[in-house]
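Report on the following structure.
Residue numbers begin at 1 in each chain, while the letters A, B, ... track the order of the sequences.
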Amino acid sequence: MHVPRPTASPRAAGATRAPRTGVHNADIARCFEDIADLLEIGDENPFRIRAYRNAARIIGELQLDLAGQIQGGRDLPKIAGIGEDLTGKIAEIATTGHCALLERLRKTVPSAVAELLKIPGLGPRRVRTLYRELDVKSMEQLLAAAREGRIRAIPGFGEKTEANIQQAVEARLLKPRRYTLHVAAQYAEPFVRYLRDTPGVIRVVIGGSLRRMRESIGDIDIIATARSSTRLMDRFVSYPEVKEVLSHGPTRSSVLLQSGMQVDLRVVPDESYGAALHYFTGSKGHNIAMRRLAQQRGLKLNEYGLFRGRTRVAGASEESVFGALSLPFIPPELRENSGEIEAAGGGRLPVLVELRDLRGDLHSHTRWTDGQNTVKEMAEAAKARGLTYLAITDHSRRLAAAHGLDPRRLLDQIDEIAAIKVRGFTLLRGIEVDILEDGTLDLPDSVLARLDIVIAAVHSRFNLSRERQTARILKALGHPLVTMLAHPLGRLIGVREPYEVDMLKIVRQAAHRGRFLELNAHPERLDLHDVHCRMAKEEGALVAVNSDAHSVQQLDNLKYGIGQARRGWLEKTDVANTRTLPELRRLLRK
DNA sequence: GCCGTTTTCGGCCCGACTGTTTTCAGTCG
């Protein structure tokens with residue numbers, strides 16, 4: 001099945017407990033975040049706190065494995081934002097699994113207190129006050145204090161704040177949610193259409209992480225220009241699906257929909273449209289870096305424009321903002337402050353792959369297994385979307401729940417595919433064959449040899465050790481008949497963590513053997529991850545952006561795959577299925 | 001804690017909204 005049953009998977013433990021061999025960048029980043037939280041509650045120098053947060057963000061996005069680097073006896077490269085002191089702490093965490101500073105801070109403030117920062121409306125100062133005045137050390141104690149009316153008695157707090165805190169804690173116990181891209185889009189698009197229907201409105205567009213095509217979306221950001229902002233704002237907060245109005249001002253408002261999704265609207269004058277769109281698209285890190293760049297040139301960047309003194313020098317369009325800072329337009333998918341500003345400044349921005357560059361799709365399913373449509377219907381739907389070829393790649397026998405194909409049925413399917421003719425369109429014969437636990441394939445070579453495309457996929461034993469899982473996949477990629485590795489991390493966004501594998505080894509094996517790495521475009525997968533797209537590009541492995549469609553409608557998921565590929569800096573030449581069929585066949589023969 | 005053709009010291013992104021105050025702190029994005 002393309003979406004296997006969720007399985008429990010332990011989250012990475014904190015980096016500062018027992019020493020262990022596998023310290024990941026995420027662990028180091030988490031440690032720095034925890035330090036920043038505790039320093040903040042301790043009312044430390046805000047710029048010192050910012051340095052830790054900044055470092056955490058940089059490390060979290062870094063491709064280089066820091067602990068591996070140190071354990072291999074190599075020096076860390078110079079990383080902007082990480083100086084002498086933090087380099088030392090990285091080395092400390094990588095070698096000992098502990099950070100002495102964090103341990104020390106935890107003795108002054110219990111780390112459960114830092115959890116309270118996650119409550120919307122509670123920042124460091126209020127958390128500190130609640131801890132000192134009421135000895136509140138946990139969510140439970142905070143909720144009790146609110147219910148008993150003890151919070152309103154503290155100076156600076158009032159009844160309203162107390163009620164808000166109580167509500168926020170209760171809501172948090174219901175679990176905060178993030179949404180996959182396609183779910184967020186389902187909420188966003190009708191809302192945008194509704195807003196466009198307002199008299200006097202000029203423009204309404206989606207920004208934020210949805211525009212950046214991030215794999216999961218926390219809230220929806222909408223930017224608008226209008227002749228009357230108050231009229232638009234009034235209509236915004238009266239949208240029928242609104243459950244609660246979180247804030248309501250003339251230029252900025254936030255609402256909660258019945259689904260729990262938060263939506264923010266920012267309204268600016270039309271001449272500020274580009275600056276506001278840029279600001280509300282983010283990411284936060286990108287915005288900070290851009291404002292700093294402006295500042296270095298004696299300018300000021302905010303959501304109203306780019307200013308020299310009081311004079312606006314740009315802001316009507318995003319292009320004008322970038323241009324006034326001597327930069328080309330940076331596509332939204334790249335705006336993560338992960339080198340895009342430097343690349344833009346140096347004329348090294350990639351020309352990103354686009355949906356219309358795709359010539360075919362190399363992974364799809366039919367009624368032969370767990371798909372909903374026939375081979376012919378899939379072919380016609382793919383052709384209608386402008387593609388010129390489609391590989392039919394149903395499951396192999398091991399996946400019994402999906403009615404996986406045994407050799408006999410696969411041979412029958414090959415015959416059916418050969419008999420189907422769609423003008424100007426080519427069907428490729430394929431299989432998504434299970435990689436068994438020992439790295440061998442679920443079907444004999446004699447059958448696989450009759451196919452154009454052999455996709456190898458892990459659908460079982462997700463919990464093998466990193467070493468065994470990696471060896472299993474490397475062995476499959478070494479099989480002479482394998483074309484490609486399906487969904488390399490096996491994750492389901494928000495449901496199942498990726499399995500433990502050494503992606504660098506896998507990417508290098510793929511590059512060495514000429515195998516493709518799939519970027520599975522299903523919005524719950526988006527697997528390859530964007531950082532591994534960049535890794536694949538650097539190591540010279542080709543990526544195939546595939547729909548893994550189980551129905552004709554799911555062919556439309558390709559747009560999400562392209563979004564992820566763009567986030568991974570991929571260009572047309574980095575993606576295998578941008579090739580024409582003759583070019584693809586030449587690649588496959590190699 | 002980081003960083004530097006304005007600086008090795010003195011800066012560090014910017015503005016809106018809420019609630020509790022009577023001019024602003026705290027929080028958020």
Just checking A:Pro124: base, sugar-phosphate only, or nothing, at a heavy-atom cut-off of under 4.0 Å? sugar-phosphate
In whole angstroms, the gap separating P of B:dT27 from CG of A:Asp219 amounts to 19 Å
When you look at CD of A:Gln258, are more than 12 heavy atoms from neighbouring residues, nucleotides or ligands closer to it than 6.0 Å? yes
Say whether, by atom type as modelled, one donor and one acceptor occur between the side chain of A:Ser209 and the main chain of A:Ile217 under 3.5 angstrom. no
Using a cut-off of 4.0 Å on non-hydrogen atoms, how would the nucleic acid contact of A:Pro250 be classed: base, sugar-phosphate, or nothing? sugar-phosphate
With rounding to the closest Å, how many angstrom separate the C1' atoms on B:dT27 and B:dT20? 14 Å
Contact under 4.0 Å: A:Arg252 side-chain N or O vs B:dA16 OP1/OP2: no
Using the C1' atom in both, what is the distance from B:dC2 to B:dT7, to the nearest Å? 14 Å
Please state how far atom CD in A:Glu303 lies from atom P in B:dC28, giving the value in whole angstrom units. 18 Å
Here the distance between atom P of B:dG15 and atom NZ of A:Lys284, to the nearest Å, is 15 Å
Under 4.0 Å, heavy atoms only, any strand: does A:Leu293 hit a base, just the sugar-phosphate, or nothing? nothing
Can you measure A:Glu40 atom CD to B:dC28 atom P for me and round it to whole angstrom units? 10 Å
Testing B:dG1, B:dG29, B:dC14 for proximity to the side chain of A:Phe280, the answer is B:dG29
Which part of the nucleic acid, if any, lies within contact of A:Ile49, taking any heavy atom under 4.0 Å across all strands shown: a base, the sugar-phosphate backbone alone, or nothing? nothing
Could you tell me whether A:Tyr279 contacts a base, only the sugar-phosphate backbone, or nothing, with contacts defined as non-hydrogen atoms closer than 4.0 Å? base
Complementary nucleotide of B:dT8, counting Watson-Crick and G-U pairs under 3.5 Å: none
Within the structure shown, what part of the strands sits under 4.0 Å from A:Ala289 by heavy-atom distance: base, sugar-phosphate, or nothing? nothing
Are A:His98 and A:Thr96 close enough, and set up right, to give a side-chain hydrogen bond (donor to acceptor under 3.5 Å, both in side chains), and what steps lead you there? CA-CA 5 Å; A:His98 292 268; A:Thr96 69; 5.8 Å; no
Under 4.0 Å between a Lys/Arg side-chain N and an Asp/Glu carboxylate O for A:Asp530 and A:Arg566? no
Base, sugar-phosphate or nothing for A:Glu159? Non-hydrogen atoms, less than 4.0 Å. sugar-phosphate
A:Ile288 atom CD1 is separated from B:dG11 atom P, nearest whole Å, by 20 Å
Look at the side-chain N and O atoms of A:Lys300 and state whether any lies under 4.0 Å from the OP1 or OP2 oxygen of B:dG15. yes
A:Arg297, CZ: over 12 other non-hydrogen atoms inside 6.0 angstrom: yes
I need the CG-C1' distance between A:Asn164 and B:dC28, as an integer number of Å. 14 Å
